[in-house]
Amino acid sequence: MRSSNPVFSREGSFTRDSGYAGFGTTQQAPQAGGRPADNPYGNNPYANNPYGNNPYGNNPYAQQQPHGQQPLTDDQLVEMYRAPSAGPLATGRMTLDDVVARTAMTLLTLVAAGGVAWFALPDANYGIAIAAAFAAFVVGMVVTFRRSVSPALILTYAGLEGFFLGAVTRVFNTIWPGIAIQAVLGTAVVFAAMLVAYKSGRIRVTPRYTRIGLTIAMAFVGLLLINMIASFFGADMGLRSGPLGIAVGLIGIALGAFFLSLDFAEIEEAIRQGAPQQEAWRAAFGLTLSLVWIYIEMLRLIAILRGDD
């Protein structure tokens, strides 16, 4: 969960500058001898239709009528007029309820797999959890770049990622008892705050907002990669400890909140454009990625703040 939120408009379609109804058009000069031009339709205001013969030009989810379809009869038109309007459920379009249901299924799969790792994984054997993390990364990349939506792959990612998170959380909770509940509550608070801020209009996803946020996110990920490579050689940049670690943790949580705002905007845009119902799974996958990011950063931040208590 692409940006990201294009605004489709057809401004100027009925203005004087567009040449509609003869406004703003240039009369053709008469030919030699005072005769008018041979083309009586030279000022046709419809000659430069930007969408050609496609009435669905800007909606990626719209579908045209089959070629050669027979026109409807008068009785059929009257029956269609009197029939109740078809809702998103009848037309197979994505709704907010679809997104909520798919997201709930994905998160429940993640939590269930985390519970299995928490209770079933031996204390001294976390190789399976690390393997699950790598497998979740691979499946996540496949889901991200796959053109069609695959609910099975999305649930597989949730299961693998949940297994890894369950094992990691258990280690943290052994060192700092109660940190798991604190991280879950912190993640829920960030999600609720971002949802309220977005719905109230305090946060608006604009192209400039998106560019700045993605630039910061790429710099943040690059810095973490450098820190990870340095740790392999015994160097410590201090990004996960002390005051600098707290600052890095706060930035990480803020970026997770930024990702949530992009998810909200894309879901809203997809519903407005009539996206297929299957796209609700893609929205659920995007929300799950953002929540996992926030949870991990929250876990690290709380661990730094609690220190050796």
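Along the sequence shown, residues carry numbers from 1. Below, each value reflects all heavy atoms present in this structure, side chains not excepted, and no hydrogens, waters or symmetry copies.
Here CG of Leu244 is found 5.5 Å from CG of Leu239. Values are rounded to the nearest 0.5 Å. Rounded to the nearest 0.5 Å, atoms CZ (Arg211) and CZ (Arg208) are 8.0 Å apart. The line from CD of Glu279 to CE of Met94 is 7.5 Å long, rounded to the nearest 0.5 Å. Remark: Ile175 CD1 to Arg306 CZ distance equals 10.5 Å, nearest 0.5 Å. Leu165 CG to Ile296 CD1: the interatomic distance, rounded to the nearest 0.5 Å, is 5.0 Å.
Across all non-hydrogen atoms, the minimal contact from Ala129 to Phe164 is O-CD1, 3.5 Å. Val99 and Ile267 get closest at one heavy-atom pair: CG1-CD1, 3.8 Å. Closest approach of Ala303 to Ile179, counting heavy atoms only: N-CD1, 3.8 Å. Of all non-hydrogen atoms in Ala257 and Ile294, the two that sit nearest each other are N-CD1, 4.0 Å. Residues Arg282 and Ile154 approach most closely at N-CD1, 4.2 Å, considering heavy atoms. Minimum heavy-atom separation, Ile304 to Ser241: CD1-N, 4.1 Å.
Looking at Val149 and Val143, their side chains never come closer than 4.5 Å, going by heavy atoms from C-beta outward. At a threshold of 4.5 Å between non-hydrogen side-chain atoms, the residues Arg204 and Ser261 do not count as touching.
Taking hydrophobic clusters as Ile, Leu, Val, Met, Phe, Trp and Tyr residues chained together by side-chain heavy-atom distances below 4.5 Å, Val248 shares a cluster with Leu250. Using a 4.5 Å cut-off between side-chain heavy atoms of Ile, Leu, Val, Met, Phe, Trp and Tyr, with links allowed through other members, Leu185 and Phe172 fall into different hydrophobic clusters. Side-chain heavy atoms closer than 4.5 Å link hydrophobic residues (I, L, V, M, F, W, Y) into clusters, and following such links, possibly through other members, connects Leu291 to Leu96. Hydrophobic clustering (ILVMFWY, side-chain heavy atoms < 4.5 Å, transitive): Ile229 and Leu224 are in one cluster. Leu299 and Ile130 are assigned to two separate hydrophobic clusters, defined by single-linkage of ILVMFWY side chains at heavy-atom distances under 4.5 Å.
There is a side-chain donor-acceptor pair under 3.5 Å between Arg146 and Ser148. With hydrogens and angles left out, the side-chain atoms of Thr288 and Tyr157 include no donor and acceptor closer than 3.5 Å. With no hydrogens or angles considered, a side-chain donor-acceptor pair links Thr169 and Tyr295 at under 3.5 Å.
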Exercise answer: donor-acceptor pairs, residues 187-202 side-chain atoms, under 3.5 Å, sequence neighbours excluded:
from, atom 1, to, atom 2, distance (Å)
Thr187, OG1, Ala183, O, 2.8
Tyr198, OH, Glu268, OE1, 2.7
Ser200, OG, Val196, O, 2.8
Ser200, OG, Ala197, O, 3.1
Ser200, OG, Arg202, NH1, 3.1

### Message
One pair to check against side chain to side chain contact (heavy atoms under 4.5 Å, CB included): Leu160 and Val139. What are the steps and the verdict?
### Response
CA-CA 9 Å; Leu160 293 171; Val139 174; 4.1 Å; yes

### Message
Let's go through Ile203 and Tyr209 carefully: what are the C-alpha distance in whole Å and the side-chain angles of both, what is the deciding distance for side chain to side chain contact (heavy atoms under 4.5 Å, CB included) to 0.1 Å, and is it a yes or a no?
### Response
CA-CA 9 Å; Ile203 292 180; Tyr209 170 88; 3.8 Å; yes

### Message
As a quick check of understanding, evaluate side chain to side chain contact (heavy atoms under 4.5 Å, CB included) for Leu225 and Met228, giving each step before the final call.
### Response
CA-CA 5 Å; Leu225 287 176; Met228 182 178 66; 3.9 Å; yes

### Query
Given Ile216 and Phe258, is the side chain to side chain contact (heavy atoms under 4.5 Å, CB included) satisfied, shown in steps?
CA-CA 10 Å; Ile216 297 174; Phe258 163 75; over 6 Å; no

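For the side-chain contact (heavy atoms from CB on, under 4.5 Å) criterion with Phe163, the lone passing option out of Val168, Leu121, Leu110 is Leu121. Exactly one of Trp293, Phe220, Phe264 qualifies for a ring pair (Phe, Tyr, Trp, His ring centres under 6.0 Å) with Phe259. That residue is Trp293.
Listed for the Arg93 side chain is a donor-acceptor partner under 3.5 Å among the backbone atoms of Gly274. Side chain of Trp176 to main chain of Ile302: no donor-acceptor pair is present (N/O by atom type, distance under 3.5 Å, no hydrogens or angles).
Within the structure, every pair that satisfies the salt bridge (Lys or Arg N to Asp or Glu O under 4.0 Å) test and touches residues 101-120, not counting sequence neighbours, is listed here: Asp98-Arg102.
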